[in-house]
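Basis for what follows: all heavy atoms, side chains included, without hydrogens, waters or symmetry-related copies. Here, residue 1 is the first one in the sequence, and each next residue gets the next number. Both counts, for ligands and for their atoms, begin at 1 and track the order of listing.
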Amino acid sequence: MNLKDAAHTLFGLELTDSQVGQFERYTEELLKWNQHTNLTAIDEPEAVMVRHHLDSLSVLKVVTLERGMRVADVGTGAGFPGLPLHIAVDGVYTTLIEATGKKVNFCKHVAETLDLKRVVVLHSRAEEAGHITHQRGKYDLVVARAVARLPILLEYLLPLAKVGGLCVAMKGVTAGQEVEDSAKALSELGGEFVRMETIELPEVAEPHHLVVVKKVRQTPQAYPRKPGVPSKTPIGS
Ligand code: SAM
């Protein structure tokens with residue numbers, strides 16, 4: 001199955017030929033850079049399509065992204081899920097936040113190569129980005145995949161979201177347990193659990209889970225705590 005058909009069948013998306021071309025170019029650059037820079041364990045174009053692109057697009061099953069909205073992807077690595085979402089939805093403003101310089105360089109390279117003018121790549125830890133005035137409380141949607149356990153991740157994501165905005169954490173089998181462990185973090189940071197959606201992708205054995213959290217109150221200024229503190233001492237531990 002090609003990306004266009006798969007995105008349509010799974011998520012009801014109508015990708016144009018130009019968008020499909022951008023996904024192909026992104027894949028090429030990822031696999032080319034991956035020969036000298038460790039960006040992904042996945043080294044087949046077909047697998048990149050499913051496990052990176054389609055998996056990223058699954059976020060659109062639980063949120064409606066519209067032109068003009070602001071999206072942040074925390075711990076984006078080689079751009080997932082932020083770049084596929086940006087390519088698939090016209091007119092969104094995307095900030096990719098990443099702590100590791102070589103991954104930041106790759107994301108900048110892709111944004112330039114694909115001429116993605118509304119993408120900003122921020123070389124920063126989430127704990128620092130959450131205190132930058134024009135980042136804090138500014139996003140309609142904050143997403144993350146494979147960055148930290150949910151009680152820690154919420155401290156990275158919620159400060160960046162607007163009140164009324166959503167956070168989506170892309171999780172594996174431990175999603176339910178992580179939600180249970182996050183009660184204190186949610187109440188402390190101003191979040192409310194909305195729902196969990198299970199995602200099944202073609203030829204991927206284990207289902208994935210999207211945890212959706214709404215920001216219902218301002219996050220207290222004390223959060224996020226200093227770099228490394230959230231992961232060392234998660235809220236509620
Ligand atoms: N989200 C990408 C994906 O799913 O392919 C990358 C996942 S990778 C396992 C985790 C990434 O999060 C790494 O690139 C790491 O540098 C970044 N990261 C971890 N903690 C972070 C933090 N506190 N602030 C910013 N980036 C962070």
Side-chain angles (χ1 to χ4, degrees), residues 23 26-27 29-31 33-34 37-45 47-60 71-88 94-111 119-132 135-136 139 141-161 167-175 178 185 189 199 201 204 206-211 219 223-235:
F23 278 109
Y26 183 9
T27 304
E29 294 301 319
L30 178 68
L31 297 181
W33 273 55
N34 208 37
T37 306
N38 188 16
L39 295 169
T40 176
I42 297 168
D43 56 6
E44 290 292 329
V48 170
M49 179 188 92
V50 177
R51 290 173 180 269
H52 285 322
H53 299 327
L54 276 180
D55 192 40
S56 297
L57 294 178
S58 69
V59 170
L60 297 172
V71 180
D73 178 11
V74 172
T76 191
F80 303 110
L83 279 177
L85 290 171
H86 187 91
I87 293 169
T94 301
T95 304
L96 306 173
I97 301 171
E98 171 56 49
T100 305
K102 61 183 184 174
K103 295 180 181 176
V104 167
N105 291 343
F106 175 72
C107 290
K108 285 184 175 166
H109 170 73
V110 175
V119 171
V120 171
V121 187
L122 189 61
H123 186 189
S124 171
R125 287 192 63 112
E127 298 94 315
E128 290 162 337
H131 286 289
I132 299 173
Q135 301 292 335
R136 187 179 179 88
Y139 291 94
L141 173 66
V142 189
V143 289
R145 183 180 80 164
V147 175
R149 290 194 78 247
L150 195 61
I152 302 162
L153 190 64
L154 289 170
E155 190 169 345
Y156 299 160
L157 305 189
L158 276 164
L160 294 162
C167 299
V168 175
M170 305 178 71
K171 289 283 164 191
V173 282
T174 60
E178 291 188 41
L189 297 163
I199 303 291
L201 296 172
V204 176
E206 298 225 316
H208 295 179
H209 305 281
L210 302 180
V211 177
T219 302
Y223 299 111
R225 290 167 290 165
K226 289 199 167 23
V229 177
S231 58
K232 204 168 163 212
T233 323
I235 299 170

For this session: Could you please spell out the steps behind the ring-ring contact (aromatic ring centres under 6.0 Å, His included) verdict for Y26 and F80?
Result: CA-CA 11 Å; Y26 183 9; F80 303 110; 5.3 Å; yes

Problem set entry | Derivation and outcome, side chain to side chain contact (heavy atoms under 4.5 Å, CB included), residues T219 and R136 | CA-CA 9 Å; T219 302; R136 187 179 179 88; 3.9 Å; yes

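Between I42 and H52 the shortest side-chain heavy-atom distance falls below 4.5 Å.
Remark: ligand 1 and E127 share an N or O pair separated by less than 3.5 Å (distance only, no angle test). Annotation: I97 places no N or O atom under 3.5 Å from an N or O atom of ligand 1; distance criterion only.
Looking only at protein heavy atoms, the nearest one to atom 16 (O) of ligand 1 is E98 OE2, 2.6 Å. Summary of contacts: the protein heavy atom closest to atom 4 (O) of ligand 1 is R145 NE, 2.6 Å. Ranking protein heavy atoms by distance to atom 19 (C) of ligand 1, first place goes to V147 CG1, 3.9 Å. Of the protein's non-hydrogen atoms, the one nearest atom 26 (N) of ligand 1 is A99 N, 3.4 Å.
Near K103, with a cut-off below 4.0 Å to any heavy atom, the atoms of ligand 1 are 13 (C), 14 (O).
If you check the side chains of H109 and E29, you find a donor sitting under 3.5 Å from an acceptor. There is a side-chain donor-acceptor pair under 3.5 Å between H53 and T27.
Taken from NE2 in H209 to NZ in K171, the straight-line distance is 11.5 Å, to the nearest 0.5 Å.
Neither the backbone nor the side chain of M170 comes within 4.0 Å of ligand 1, counting heavy atoms alone. In S124, the part holding a heavy atom less than 4.0 Å from any atom of ligand 1 is the backbone. Residue contacts with ligand 1 for T76 involve N, CA, C or O but no side-chain atom from C-beta outward (heavy atoms, distance under 4.0 Å).
Using a 4.0 Å cut-off between charged nitrogen and carboxylate oxygen, R225 and E127 do not count as a salt-bridge pair.
The only member of D73, T76, V168 that meets side chain to side chain contact (heavy atoms under 4.5 Å, CB included) when paired with P81 is D73.
The residue among G75, A146, A126 with a heavy atom at the shortest distance from atom 6 (C) of ligand 1 is G75.
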